[in-house]
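The structure appears below as C-alpha cells.
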Amino acid sequence: MMDTPFLSAHGAAKLVSRQGLSQCLNGMHDAIAHDFKRWEQFEKWARLASHCAEGVIEIMPISDGQTYGFKYVNGHPNNHRHELPTVMAFGVLASVQTGRPLFISELTLITALRTAATSALAARYMARTDARSMALIGNGAQSEFQAVAFHGLLGIDTFYLYDPDLEATEKLADHLDELGLNTVVCKSILEAVRKADVITTATAVKTRANVLTRDMLRPGVHINAIGGDCPGKTELHPDVLRHARVFVEFEPQTRIEGDIQQMPTDFPVTELWEVLTGFALGRTKADQITVFDSVGFALEDFSALGYMHQLAQAKGELEYLSLIPEMRNPKDLYGLIARKGAA
Ligand code: NAD
C-alpha cells in the first residue's frame, strides 16, 4: 500500500492525553537525548527562513542517512488577533533510500512538547541540582508544557508567573493548580525572577526586547531562553550573556537567530551535544549564571516525529493519506489521467 501514515492534530491531542503528558515528555526527552548523542551521524543545516513584517515561515530539514525529516513552522507573534496560535507546524519523515514519505504529522502540539523536553534536558546539565523553583515569563501556548517538563524531569515544584496579559497568566495558573503545582502570580518580571532558581523566558514580540537585564539576576540562576528565536527578536540584554556560560543547539543557526545574534561572532558558546556526550561540561560552579539560548533545532523535531510515529502505531491512532499516486507502471504517470479511448 502506498498510502502515507498520518497523525492529525486531533489524533495527536488524543494520543498525548491518553498516554499522559508527563510520560510523553519523558519519552521525547529520551529520544532527543539519544539523537543529540549521535550528533555526528546527522547532516545538518541552519533552517531556511522567509521573513515578513508580521513574522516568519521556516523549513527545518535534517537527515541521518537513513531517514530524512523536515518541519514547516511559522512564528507570528500577533496571530492572536486572527484567533490563530503564534506557532503552527507540521512535519514529515521520509526514506533516504527511495525518498518515499514514511510519516506525516501535525507538529503544533508536538513542538511545544519537544521544546519543553529539550529545555528540561539542557537544564539537567545547566541548572543547579538543588533548583526547585522557576519563573515563567510569557504565559502563552508553550508555558504549561515547560512547567510540566521541569516538574517531571527536574523536580521544580514552585512557579512564579508573569505576563502583561493577565488572562494568559490566569489560564496558566488554573492549569498548573489543577496539576497540584504551587503557583505565585507576579506583578512584574522582577518580582517573578527574584527568588527563582530557573527562569524560562517564552515571550513573543518581534523586537530586541530586554526581558531580562543583568541586575535582575541572582548568582547561580539558570536561564532557559526560548522566545528569542529570529533575527531582530531577542529577550536578553547583552550584559546577561556577557556574564553567563552560554549553551546553544546548533551554533551556525543560533548565531543568526538566538540571543547571541547581539554578540560578536567569536563570542564563546558550547553546543548541547558536547555536554551530553561529555566533550564539554555543563554548569561548573554553583554561583555561575547559565543560559540555554534555545531557538529550536531540526534534530528535536526529527526525534519527536520518530517518537510520535511509534506511539501512534502502537496505539492504533494512525490515519492514512493518499499522498503518492499508485501506479502499476511507475513510468506511466500519464496513465493516471488518461482513460483508454478518451482522447
Ligand atoms: P504565545 O504568543 O502563545 O505567548 C507569548 C506570550 O508572551 C504572550 O502571552 C505575551 O503576552 C507574552 N509577552 C510578551 N511580552 C512579554 C514580556 N515582556 N514579559 C512577559 N510576557 C510577555 O507564544 P508561544 O507559542 O507561547 O511562544 C513563545 C515564544 O517561544 C515565541 O517567541 C516562539 O517563537 C518561541 N518558541 C521557541 C521555540 C524554541 O524551540 N526555542 C519553540 C516554540 C516557540
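Numbering of ligands and ligand atoms starts at 1, following listing order. Positions are given from 1, in the same order as the sequence printed here.
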Which of the ligand 1 atoms, numbered from 1, are nearer than 4.0 Å to a heavy atom of I137 | 19 (N), 20 (C)

Under 4.0 angstrom from ligand 1, any heavy atom of A209?
-> no

Under-4.0 Å heavy-atom contact with ligand 1, by part of V205 that carries it = side chain

So, for F247 and L281, which heavy atoms are closest and what is the spacing to 0.1 Å?
-> CE2-O, 3.6 Å

Going by the atom numbers of ligand 1, which of them fall below 4.0 Å from some non-hydrogen atom of D229?
-> 33 (C), 34 (O), 35 (C), 36 (N), 37 (C)

Okay, side chain of E191, backbone of Y160: is any donor-acceptor separation there less than 3.5 Å?
-> no

Angle class for the F36/W39 ring planes (parallel below 30°, perpendicular above 60°, tilted otherwise)?
-> parallel

Any atoms of ligand 1 less than 4.0 Å from a non-hydrogen atom of G138? List them with their elements.
-> 7 (O), 20 (C), 21 (N)

Please report which non-hydrogen protein atom sits nearest to atom 3 (O) of ligand 1, along with the residue it belongs to and the distance in Å to one decimal place.
-> A141 N, 2.9 Å

Taking all non-hydrogen atoms of both residues into account, name the closest pair between T67 and F302 and its distance.
-> O-CE1, 3.4 Å

Regarding S119 and N224, is there a side-chain donor-to-acceptor distance under 3.5 Å anywhere?
-> yes

Do ligand 1 and D165 have nitrogen or oxygen atoms that lie under 3.5 Å from each other?
-> no

What protein heavy atom sits nearest atom 25 (O) of ligand 1, and how far off is it?
-> Q142 NE2, 3.0 Å

Considering only heavy atoms of Y162, which atoms of ligand 1 have at least one such atom less than 4.0 Å away?
-> 19 (N), 20 (C)

So, is R114 polar-close to ligand 1, with some N/O to N/O distance under 3.5 Å?
-> yes

Heavy atom of the protein closest to atom 20 (C) of ligand 1 (residue, atom name, distance) | P164 CD, 3.4 Å

D163, any N or O under 3.5 Å of ligand 1 N or O | yes

Salt bridge or not for D301 and R114, using N-O below 4.0 Å?
-> yes

Could you check atom 28 (C) of ligand 1 against the protein and tell me its nearest heavy-atom contact, residue, atom and distance included?
-> A202 O, 3.3 Å

Where does T203 meet ligand 1, judged by heavy-atom distances below 4.0 Å: at the side chain, the backbone, both, or neither?
-> both

Flag the pair W273 / F279 as yes when their ring centroid distance falls below 6.0 Å, and as no otherwise.
-> yes

Side-chain H-bond candidate by donor/acceptor type, D163 with T169, under 3.5 Å = no

For ligand 1, indicate whether the residue E300 contacts it via side chain, backbone, both or neither (heavy-atom separation under 4.0 Å).
-> neither

Among D293, T115, T111, which one has a heavy atom closest to atom 38 (C) of ligand 1?
-> T115

Which residue owns the protein heavy atom closest to atom 4 (O) of ligand 1, what's the atom, and how far is it?
-> G140 CA, 3.2 Å

Any side-chain donor paired with an acceptor under 3.5 Å for E43 and S63?
-> no

Using modelled atom types only, decide if a donor and an acceptor are shared between the side chain of E249 and the backbone of V295 within a distance under 3.5 Å.
-> yes

When distances are taken from atom 32 (O) of ligand 1, the protein heavy atom at minimum range is K233 NZ, 2.7 Å

Is the backbone N or O of Q288 less than 3.5 Å from a side-chain atom of R245, with the two atoms forming a donor-acceptor pair by type?
-> no

Please say whether S294 places an N or O atom under 3.5 Å from an N or O atom belonging to ligand 1.
-> yes

Judging by distance only, is a nitrogen or oxygen of T86 under 3.5 angstrom from one on ligand 1?
-> yes

Measure from the side-chain N and O atoms of N74 to the backbone N and O of I57, and report whether any donor-acceptor pair falls under 3.5 Å.
-> no

Does G227, backbone or side chain, put an N or O under 3.5 Å from an N or O of ligand 1?
-> yes

At a non-hydrogen distance cut-off of under 4.0 Å, which region of T118 contacts ligand 1 (side chain, backbone, both, or neither)?
-> neither

Going by distance alone, is a donor N or O of one side chain under 3.5 Å from an acceptor N or O of the other, for N79 and T86?
-> no

for atom 37 (C) of ligand 1, nearest protein heavy atom and its distance come out as I226 O, 3.0 Å

What protein heavy atom is closest to atom 18 (N) of ligand 1, reported as residue, atom name and distance in Å?
-> V211 CG2, 4.1 Å

Numbered atoms of ligand 1 (with element) below 4.0 Å of V295, judged on heavy atoms = 39 (C), 40 (O), 41 (N)

Between K195 and T158, do the side chains contain an N or O donor and an N or O acceptor separated by less than 3.5 Å?
-> no

Is there a donor-acceptor contact under 3.5 Å linking the side chains of Q146 and Q142?
-> no

